[in-house]
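Written below as structure tokens is the structure these notes are about.
Order of the sequence lines fixes the chain letters, A, B, ..., with proteins taken first and strands second; residue numbering starts at 1 for each chain.
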Amino acid sequence: MEQTKNTSAPGDITVQEEKKYSYLNLGPTHPATHGIFQNVLKMDGEIIMDATPTIGYIHRAFEKLAERRPFYQITPITDRLNYCSSPINNMGWHMTAEKLFKIELPKRVQYMRIVIMELSRIADHIICNTIIGQDVGATTGFLYLFQYRERIYEIFEEICGARLTTNIGRIGGFERNFSDKAWDKIYKFLEDFPIAFKEFSSLLERNRIFMDRTINCGPISAEMALSYSFSGPNLRAAGVDYDVRAMNPYSSYEEFDFIVPVGTQGDTYDRFMVRQQEMHQSLSIIHQAIEKIKKEPADIFRADVPEFVLPPKEEVYNNMEALIYHFKNIMGETEIPKGEVYHSVEGGNGELGFYLISDGGRTPYRLHFRRPCFIFYQAYPEMIKGTMLSDAIITMSSMNVIAGELDA
Amino acid sequence: MEEVLTEDRIITVLKEKFVDDFVSTELPYGFTTATFKSENIVSIIKFLYDTEQYQYLTTLSGIHYPDLKKIAVMYQLHNLRENKRLRLKIYLAEEKPEVATLTTVFPAANWMERETYDFFGVTFTGHPNLKRILNVEDMIIFPMRKEYPLEDQTREDKNNLMFGR
């Protein structure tokens, strides 16, 4: 028998070893994920082969809670969905309820709502875009713009008394008129913000390092984005011009002149740029809304719906009608129509929908939130497969996934 | 806003094409809604996807009707070309709610169906990964069903007249 000759030199690898993947836990509490997300990544060196997201860490059963709360008590729940732009959620819920009750709002109230919604859209986009900068190592822009987010919160504080979880407005309008101080703060913001925003844009928009880092990072095609039901800036970055404000206008958006910016590649840079442009558009919408408000009578801040708004206390003590409405509100004696309503608004990160079924009881029979990031976050493993770990981090921050909304 | 029942063209098409499955149609607050039997719902949605441009799944959710002993599943589709929305509903038996998965048409249905399973216990046959999504995995109930009240029912200090539905 012939003996097999060992020709290889000592130290050479003769046997092809089986390829081994390592597993990496990204999250649940990782500082770069900005919220409680867990992803178990299957890694080949630094390349991601697969990802398994686990969600539900801050699930608070909002849909169940809403089934035992009167309509006006559901607004604070919606604050905690996308807490970066809670006024939009509040307004969305108010409009859903108003649609059910068939309440028509005065024009001035609708424009006031638009001012608030666009301010909070700017606040939302400030967070998302500056965080993208932060995650690629450009902290300066973050510090430039974050003080303007603070200024927006001061405006909210002036209007409703709260900053983050605002509970702003009531069914039928606002709880009180905007004070002169609030208007001053809005004007001052509109004056100062564009200057800082321009500085921020010049830091990042055409920055070679930033562009090299973000272009072609976590791209998604328009077909994929649509099949995963993307909405908001993420869908528009992929090149689909779907904006609820333009397609199904609410709160008189149809009277406003604005552009729906779209991207082409659907990558991190496009998502960033779409948000940048949207902030410009939001500023222009606010200016238009203020011009329109000036033409309306200055003392209207809600529709005439005493059944849904608590009257001022001095009237409750001195006026029988106000006392009746006070009791009707508190004891849930208001007549609620039966019906099935869907209303959606363009939230900070996509189409925020409210699907409401009322059986005539004082609370909804069923309330379902169509939460944009719950729906588009499921495409995340698809988007990061084959990319590096550091790309996965900025892809996630550019998608604007908010844990509160994801888990509801 | 008077509800005028002007039937959408798509309802007429669906009525003709799926005669056996069609149950009813309504227009609550101007939103075209149609109820179908559950057996062929996926082929109905596939038909809408292929020929009628309803290529965007807005949302999907369950509704529990203990009085009817039914669990409804609501699909909301959007035709982005013509900007038309359509809601389809099916009613499943409460004891064994089962329907074919929609993930074959829309990948987005994956988590929406998992959520519906998680909260209502609707089994979507053929789903690639039908596990609980928001609740803990060892939970044995389906919490959004109406038989699980939110508050402790033995409490006497809060009566339903004042605080309930």
Open item on the list: With a sphere of 6.0 Å drawn around CZ of B:R81, does it hold more than 12 non-hydrogen atoms of other residues, nucleotides or ligands?
Closed with: no
Open item on the list: With chain B as the partner, which of A:L100, A:I375, A:L65, A:T54 has the greatest number of non-hydrogen pairs under 4.5 Å?
Closed with: A:L100
TODO: Evaluate whether atom NZ of A:K385 has more than 12 neighbouring non-hydrogen atoms of other residues, nucleotides or ligands under 6.0 angstrom away.
DONE: yes
- [ ] Answer with side chain, backbone, both or neither: which region of B:Y49 has an atom nearer than 4.5 Å to a non-hydrogen atom of chain A?
- [x] neither
Task: Note, B:W111 side chain near A:S229 side chain (heavy atom, < 4.5 Å) - done: no
TODO: Output the distance between atom CD (B:E26) and atom CD (A:E340), rounded to the nearest 0.5 Å.
DONE: 6.0 Å
Task: Under 4.5 Å from a heavy atom of chain B, the part of A:Q378 involved - done: both
TODO: Measure the shortest side-chain to side-chain distance between A:R366 and B:M144 over non-hydrogen atoms and say whether it is less than 4.5 angstrom.
DONE: yes
Open item on the list: Is any side-chain heavy atom of B:F31 closer than 4.5 Å to one of A:H343?
Closed with: no
Open item on the list: Counting heavy-atom pairs under 4.5 Å with chain B, which one of A:S227, A:G56, A:A379 comes out on top?
Closed with: A:S227
TODO: Taking heavy atoms only and a threshold strictly under 4.5 Å, list by residue number the residues of residues 127-134 of chain B that touch chain A; give 'none' if the list is empty.
DONE: B:I133, B:L134
Task: B:F119 ring center near A:H59 ring center (under 6.0 Å) - done: yes
TODO: Count the heavy-atom pairs under 4.5 Å between each of B:T58, B:L80, B:N110 and chain A, then report the option with the highest count.
DONE: B:T58
TODO: Flag the pair A:K64 / B:P149 as yes when at least one side-chain heavy-atom distance between them is below 4.5 Å, and no otherwise.
DONE: no
- [ ] May I ask you to check whether A:Y342 and B:Y29 place their ring centres under 6.0 Å from each other?
- [x] no
- [ ] Among A:D407, A:N248, A:V240, A:L226, single out the residue with the greatest number of heavy-atom pairs under 4.5 Å to chain B.
- [x] A:N248
- [ ] For chain B, find which of A:M224, A:E382, A:R371 contributes the most heavy-atom pairs closer than 4.5 angstrom.
- [x] A:R371
Task: Under 4.5 Å from any heavy atom of chain B - which part of A:Y355 - done: side chain
TODO: Answer with side chain, backbone, both or neither: which region of B:H78 has an atom nearer than 4.5 Å to a non-hydrogen atom of chain A?
DONE: side chain
Open item on the list: Within the structure provided, determine whether A:Y242 and B:Y56 are in side-chain contact (heavy-atom separation under 4.5 Å).
Closed with: yes
- [ ] Check whether any side-chain heavy atom of A:H368 sits under 4.5 Å from a side-chain heavy atom of B:Q76, and report yes or no.
- [x] no
Open item on the list: Counting only heavy atoms from other residues, nucleotides and ligands, does the tally under 6.0 Å from CD1 of B:I141 exceed 12?
Closed with: yes
Task: Residue part contacting chain B, namely of A:Y377, when any heavy atom lies under 4.5 Å - done: both
Open item on the list: Taking atom CD as the centre, does B:E147 end up with more than 12 heavy-atom neighbours from other residues, nucleotides or ligands that are less than 6.0 angstrom away?
Closed with: yes
Task: Charged tip of B:K146 within 45° of A:Y365 ring normal and under 6.0 Å - done: yes
Task: Inter-residue atom distance B:T59.OG1 - A:E351.CD, 0.5 Å rounding - done: 9.0 Å
TODO: Let me know if B:R145 has heavy atoms under 4.5 Å from chain A in its side chain, its backbone, both or neither.
DONE: backbone
- [ ] Supply the atom-to-atom distance A:I357 CD1 to B:S61 OG, rounded to the nearest 0.5 angstrom.
- [x] 7.5 Å
- [ ] Check the surroundings of atom CG in A:D304: do more than 12 heavy atoms from other residues, nucleotides or ligands lie under 6.0 Å from it?
- [x] no
Open item on the list: For B:Y148, I'd like to know if atom OH has over 12 heavy atoms of other residues, nucleotides or ligands within 6.0 Å.
Closed with: yes
